[in-house]
*Asks:* 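The structure's right below; bear with me while I get my questions together.
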Amino acid sequence: MSFWAYLITIPALIMFALFVPKIPKTELTTGSKVKGSTKKSKLPNAIFGYMILTFIVITFYMIMGIKVPTLMVNAGYGTATSASYVILGLSLGAMLGGILFGRVFTWLKDYILVAAFLSLGLAMFLIAISNTTWLTVLGGFLTGIGARLFFPWILNAVNLGGSGNIMATSLILIAYNLAGSLSPYTALLIQNVLHIDNIRNLFWINMIVFVILAVVMSLVNKLKNVRTTD
């Protein structure tokens, strides 16, 4: 029954087909072709920092999805099926985060990363203390919001405000996919190195990581503001 939730993609597909306009094809003149061919997109100076940040965030984000079923079953308040509702909550949160990104970014600017990491940290806190399915679903929902506030920001940052840097985007996607692929092994590594026997403690680690990231990004933004005013 939990798989019925994926029917939500059908109205999304219909609305996309009806309301998303087609991008018109424009023919370039000979001069514009020469100009476009000689112009090269320069990689952002902080591209490797963006890749490392993406790897860290996506790693701990994916650990949540991997370990939630084990947590719910071991804690005795859920099953693998009820854990799927958490993933549904995550998907709905991601949809809401994507819808709100533009407005939130206009309001918060680069502080949107602080909001994203605080949302992820709160989500991990709720999951760590949860003994009910609904609270864990709420944690999944907040996880989706935080992740979808982070990833569009990182893509916008590496594309230099919309200039379309294909190489930079590809590097970020590589970091994203690599983090997702390695996340099960990263989770096991963290558990073995830190001798974590209780899965709840893994979510406490996740929370600490996201809170640290929120503090670091808050300090970085303050330093940028100080340099700008000077």
*Asks:* Just so I know, are the side chains of Lys67 and Leu71 near enough to count as touching, which here means a heavy-atom distance under 4.5 Å?
*Replies:* no
*Asks:* Main chain of Asn177, side chain of Ser181: is a donor-acceptor contact present, judged purely on distance under 3.5 Å?
*Replies:* yes
*Asks:* Measuring from atom CG of Leu171 to atom CD1 of Ile166, what distance do you get when rounded to the nearest 0.5 angstrom?
*Replies:* 12.0 Å
*Asks:* Using only atom types and a distance under 3.5 Å, with no angle test, would you say the side chain of Ser183 pairs donor to acceptor with the backbone of Gly180?
*Replies:* yes
*Asks:* How close do Ile127 and Gly140 get, counting heavy atoms only, and between which atoms?
*Replies:* CD1-N, 4.3 Å
*Asks:* Distance alone, cut at 3.5 Å: any donor-acceptor contact between the side chains of Tyr77 and Thr136?
*Replies:* yes
*Asks:* Measuring from atom CG of Leu189 to atom CG of Leu194, what distance do you get when rounded to the nearest 0.5 angstrom?
*Replies:* 8.5 Å
*Asks:* Are any of the side-chain heavy atoms of Leu113 and Ile154 separated by less than 4.5 Å?
*Replies:* no
*Asks:* Are the ring centres of Phe151 and Tyr176 closer than 6.0 Å?
*Replies:* yes
*Asks:* Enter the distance from Thr70:OG1 to Met72:CE here, rounded to the nearest 0.5 Å.
*Replies:* 11.0 Å
*Asks:* Give the cluster check for Val68 versus Leu188: same hydrophobic cluster or not, with ILVMFWY residues linked at side-chain heavy-atom distances below 4.5 Å.
*Replies:* no
*Asks:* Which pair of heavy atoms, one from Ser130 and one from Leu135, lies closest together, and at what distance?
*Replies:* OG-CB, 3.5 Å
*Asks:* Would you indicate whether the side-chain heavy atoms of Phe150 and Thr54 approach each other to under 4.5 Å?
*Replies:* yes
*Asks:* Using every non-hydrogen atom in the two residues, find where Ser119 and Gly146 come nearest and quote the distance to one decimal.
*Replies:* OG-N, 3.7 Å
*Asks:* Any heavy-atom pair between the side chains of Tyr61 and Thr143 that's under 4.5 Å?
*Replies:* yes
*Asks:* State plainly whether one hydrophobic cluster holds both Val220 and Leu149, where clusters connect Ile, Leu, Val, Met, Phe, Trp and Tyr through side-chain heavy atoms under 4.5 angstrom apart.
*Replies:* yes
*Asks:* Compare all side-chain heavy atoms of Trp153 with those of Asp110 and state whether any distance is below 4.5 angstrom.
*Replies:* yes
*Asks:* Does Asn156 use its side chain to pair, donor to acceptor, with the backbone of Pro152 at less than 3.5 Å?
*Replies:* no
*Asks:* Walk me through it: do Leu213 and Leu53 pass the test side chain to side chain contact (heavy atoms under 4.5 Å, CB included)?
*Replies:* CA-CA 9 Å; Leu213 287 175; Leu53 180 62; 4.0 Å; yes
*Asks:* Honestly curious: do Met62 and Tyr185 fall in one hydrophobic cluster under the side-chain, below-4.5 Å linking rule?
*Replies:* no
*Asks:* Which donor-acceptor pairs under 3.5 Å do the side chains of residues 86-109 make with protein atoms, sequence neighbours left out?
*Replies:*
{"unit_1": "Ser91", "atom_1": "OG", "unit_2": "Ile87", "atom_2": "O", "d": "3.0"}
{"unit_1": "Thr106", "atom_1": "OG1", "unit_2": "Gly102", "atom_2": "O", "d": "2.9"}

*Asks:* If hydrophobic clusters are built by linking Ile, Leu, Val, Met, Phe, Trp and Tyr wherever their side-chain heavy atoms come under 4.5 Å apart, do Ile52 and Phe55 end up in the same one?
*Replies:* no
*Asks:* Pick out which of Val209, Ile196, Ile129 makes a side chain to side chain contact (heavy atoms under 4.5 Å, CB included) with Trp204.
*Replies:* Ile129
*Asks:* Using modelled atom types and a 3.5 Å cut-off, is there a donor and acceptor pairing between side-chain atoms of Ser82 and backbone atoms of Thr79?
*Replies:* yes
*Asks:* Are Phe203 and Phe125 close enough, and set up right, to give a side chain to side chain contact (heavy atoms under 4.5 Å, CB included), and what steps lead you there?
*Replies:* CA-CA 7 Å; Phe203 284 91; Phe125 169 76; over 6 Å; no
*Asks:* Taking only residues at least two apart or on different chains, which pairs with a member in residues 177-188 satisfy salt bridge (Lys or Arg N to Asp or Glu O under 4.0 Å)?
*Replies:* none
*Asks:* Taking all heavy atoms of Gly139 and all of Ala123, pick out the closest pair and write down the distance.
*Replies:* O-CB, 3.1 Å
*Asks:* Find the distance between CD1 (Ile172) and CE (Met51) and round it off to the nearest 0.5 Å.
*Replies:* 6.5 Å
*Asks:* Under 4.5 Å between side-chain heavy atoms, hopping through other hydrophobics if needed: is there a path connecting Met64 to Leu178?
*Replies:* no
*Asks:* Which distance, rounded to the nearest 0.5 Å, do you find between the CG of Leu120 and the CG of Leu142?
*Replies:* 9.0 Å
*Asks:* Please work out which of the three classes, parallel, tilted or perpendicular, describes the rings of Phe210 and Phe60, given edges at 30° and 60°.
*Replies:* perpendicular
*Asks:* To the nearest 0.5 Å, what is the distance between OG on Ser218 and CG on Leu118?
*Replies:* 8.5 Å
*Asks:* Taking C-beta and beyond as the side chain, do Thr59 and Leu182 meet within less than 4.5 Å on heavy atoms?
*Replies:* no
*Asks:* Should Trp134 and Tyr85 count as side-chain neighbours, where that means a heavy-atom distance under 4.5 Å?
*Replies:* no
*Asks:* Which heavy atom of Gly78 sits nearest a heavy atom of Thr133, and at what distance?
*Replies:* CA-OG1, 4.5 Å
